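Below: the structure, in structure tokens.
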Number of protein chains: 2
Amino acid sequence: MEDREYRKVIEYVKNEIKQGRIQLEDKLPAERIMAEELDMSRGSVREALRTMENMGMLESRQGSGNYLTGNLNKVFAESIGMMLLLKRISHSEVNSLRRAIETEAYALAVQNISDSQIEQLKAMLKSMRTAEIDEMILKDKEFHYQMIIASENHLIISIMEALEEIYTDSVEYMLKNASEEMKHRLFLSHEKMLDSMLRKDESAGKRAVNEHYDIIKFWYDKE
Amino acid sequence: MEDREYRKVIEYVKNEIKQGRIQLEDKLPAERIMAEELDMSRGSVREALRTMENMGMLESRQGSGNYLTGNLNKVFAESIGMMLLLKRISHSEVNSLRRAIETEAYALAVQNISDSQIEQLKAMLKSMRTAEIDEMILKDKEFHYQMIIASENHLIISIMEALEEIYTDSVEYMLKNASEEMKHRLFLSHEKMLDSMLRKDESAGKRAVNEHYDIIKFWYDKE
DNA sequence: GAATATTTGTCCGTATGTATA
DNA sequence: CTATACATACGGACAAATATT
């Protein structure tokens, strides 16, 4: 079943990592070398490289070589985007995932956030209140992103970056068509998130995150 | 930057889907045909196919053709597995993600779960109490999986399946080396999850899920 | 800075194994 | 069973980008 030729390369690379012979940022042997070493064609090696590139574990640089990297977000963004296109999943399902992850990110952020990060959050919230719509959208995005970063969980950050990529347009559309009341309620939920952050009140903060996503869910259901 | 030849194929397929000319389960034009149509080599087309296969959006069947599918889990499992191998992320970070998603899955399950599913959960919990260790591990896995399925969120189900794939061995190791007290506490958290499910008490259930993951976190931190 | 070697990117032609009518 | 269509894989060639001398 899964006995494609190019799998040999992936197993080879995996093994080299396990043995500690190569690690992040290192260069792999040249395509030709690997092809000869593993007794296979260069084309098959290239299929393996493409696979690994799309897993986010390597980067090919023409004229230079193939280097081990660690970028998850593109894989997630592209895959989830495709599943949406193929109608395999729905926007409301993705919204649930965002709610799930941001709630946990909040809990982690409460523990890890620095004073300067909190100051930045305050500043963002302040400009959200007064700013024009485009500026508001930007600050809204930054506010959430800052929370995610403060979680210090690389996996969570990657997935949220991927989801962000998918949703920028959608969020912009929503905010530009939202009622004043809805925008006010969103603002209040942000305020609660920050307030609870200051008081290190995890559960109140989590509730605020959930409120935030309930507002969005309500809007999507109506649309 | 992203101007590789094979991207043409992906754009072409995306467009065919958007135009409604092909959809899930449909067969793509043959490699040769696409290569000629898009004026490129078969090798480059194959790299694109490999990319799309690893995005979970198609399946290549030798002698038959390339078919559009929608399987997310393999991509996630392989990518996350690789990031762990490359030490780009840690096990505790993955554990946080599982906690996040399972908490939300629980909330969704409370709304969607059927009576027969609840009966099955009861049965699983019952055999978990008395069973031998191997049977217990199996039932534990089934219990959580059943909850996830009841969420009826395909994206959440896919990601959890991927994480499950990565963690089967690790969970087995943990449970086989856990103290009786820890196993008892895990059992109690399961019991709370089910109890709250019966009473449709979402927040108590979420707390139980969190307790469950706190126990696991404690074990990992100690290990 | 220029010449040269290395490496990835892309192409073509061909042979083989597999599925399908 | 045969013929056709198709994916899989190989080897050789040249172009383009980069690294090295």
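Source: prediction; values computed, not measured. Below, read A as the first sequence line, B as the second, and so on, with proteins coming before strands; counting in each chain starts at 1.
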- [ ] Take atom CZ of R42(B) and atom P of dA7(D), then tell me their distance rounded to the nearest Å.
- [x] 11 Å

Open item on the list: Suppose we call a contact any N or O donor and acceptor under 3.5 Å apart; does that hold for the side chain of Q62(A) and the base of dA16(D)?
Closed with: yes

TODO: Could you tell me the separation between the CG atom of L38(B) and the P atom of dT10(C), rounded to a whole number of Å?
DONE: 14 Å

Task: Those residues that, when tested against R42(A), pass salt bridge (charged side-chain N to carboxylate O under 4.0 Å, His left out) (two or more places apart) - done: E31(A)

TODO: Rounded to the nearest angstrom, tell me the gap between atom CE in M40(A) and atom P in dG11(D).
DONE: 11 Å

- [ ] Would you please confirm or rule out a distance under 4.0 Å between OP1 or OP2 of dA19(C) and any side-chain N or O of S64(B)?
- [x] no

Task: Between C1' of dG11(D) and CD of E5(A), the distance in whole Å - done: 14 Å

Task: Atom pair distance, as rounded to whole Å: NZ in K27(B) and C1' in dT18(C) - done: 13 Å

Open item on the list: Among residues at least two apart in sequence or on other chains, which ones pass ring pair (Phe, Tyr, Trp, His ring centres under 6.0 Å) with F143(B)?
Closed with: H190(B)

- [ ] Look at R4(B) and dG9(C) and indicate whether a side-chain polar atom (N or O) is within less than 4.0 Å of OP1 or OP2.
- [x] yes

Open item on the list: Under a 3.5 Å distance rule, please check whether N112(B) uses its side chain to pair with a backbone N or O of S151(B) as donor and acceptor.
Closed with: yes

Task: Nucleic acid contacts - residues 49-60 of chain B versus DNA chain C, non-hydrogen atoms under 4.0 Å - done: none

- [ ] Using the closest heavy atom to pick a nucleotide of DNA chain D for each, name whichever of A30(B) or D39(A) lands nearer the 5' end.
- [x] A30(B)

- [ ] Can you tell me the distance, in whole Å, between the CZ atom of R61(B) and the C1' atom of dA5(D)?
- [x] 15 Å

TODO: Respond yes when some side-chain nitrogen or oxygen of R46(B) is under 4.0 Å from OP1 or OP2 of dT8(D), and no when none is.
DONE: yes

Open item on the list: Under the rule for ring pair (Phe, Tyr, Trp, His ring centres under 6.0 Å), what residues qualify as partners of Y167(A), not counting sequence neighbours?
Closed with: H91(A)

Open item on the list: Output the rounded distance in Å from CE (M34(B)) to P (dC6(D)).
Closed with: 11 Å

- [ ] Could you note down all residue pairs passing ring-ring contact (aromatic ring centres under 6.0 Å, His included) where residues 17-64 of chain B supplies at least one of them, sequence neighbours left out?
- [x] none

Task: For F76(B), ring pair (Phe, Tyr, Trp, His ring centres under 6.0 Å) partners two or more places apart - done: F76(A)

Open item on the list: Base, sugar-phosphate or nothing for E31(B)? Non-hydrogen atoms, less than 4.0 Å.
Closed with: base

Open item on the list: Of the listed nucleotides (dT7(C), dC11(C), dT8(D)), which one gets closest to any side-chain atom of S41(B)?
Closed with: dC11(C)

Open item on the list: Can you measure R32(B) atom CZ to dT4(D) atom P for me and round it to whole angstrom units?
Closed with: 15 Å

Task: Distance, nearest 0.5 Å, that separates NZ of K183(B) from CG of N177(B) - done: 9.5 Å

- [ ] Give G65(B) one of three labels, base, sugar-phosphate or nothing, depending on what nucleic acid heavy atoms sit under 4.0 Å from its own.
- [x] sugar-phosphate

Task: Under-4.0 Å side-chain N/O to phosphate OP1/OP2 contact, N66(B) with dA7(D) - done: yes

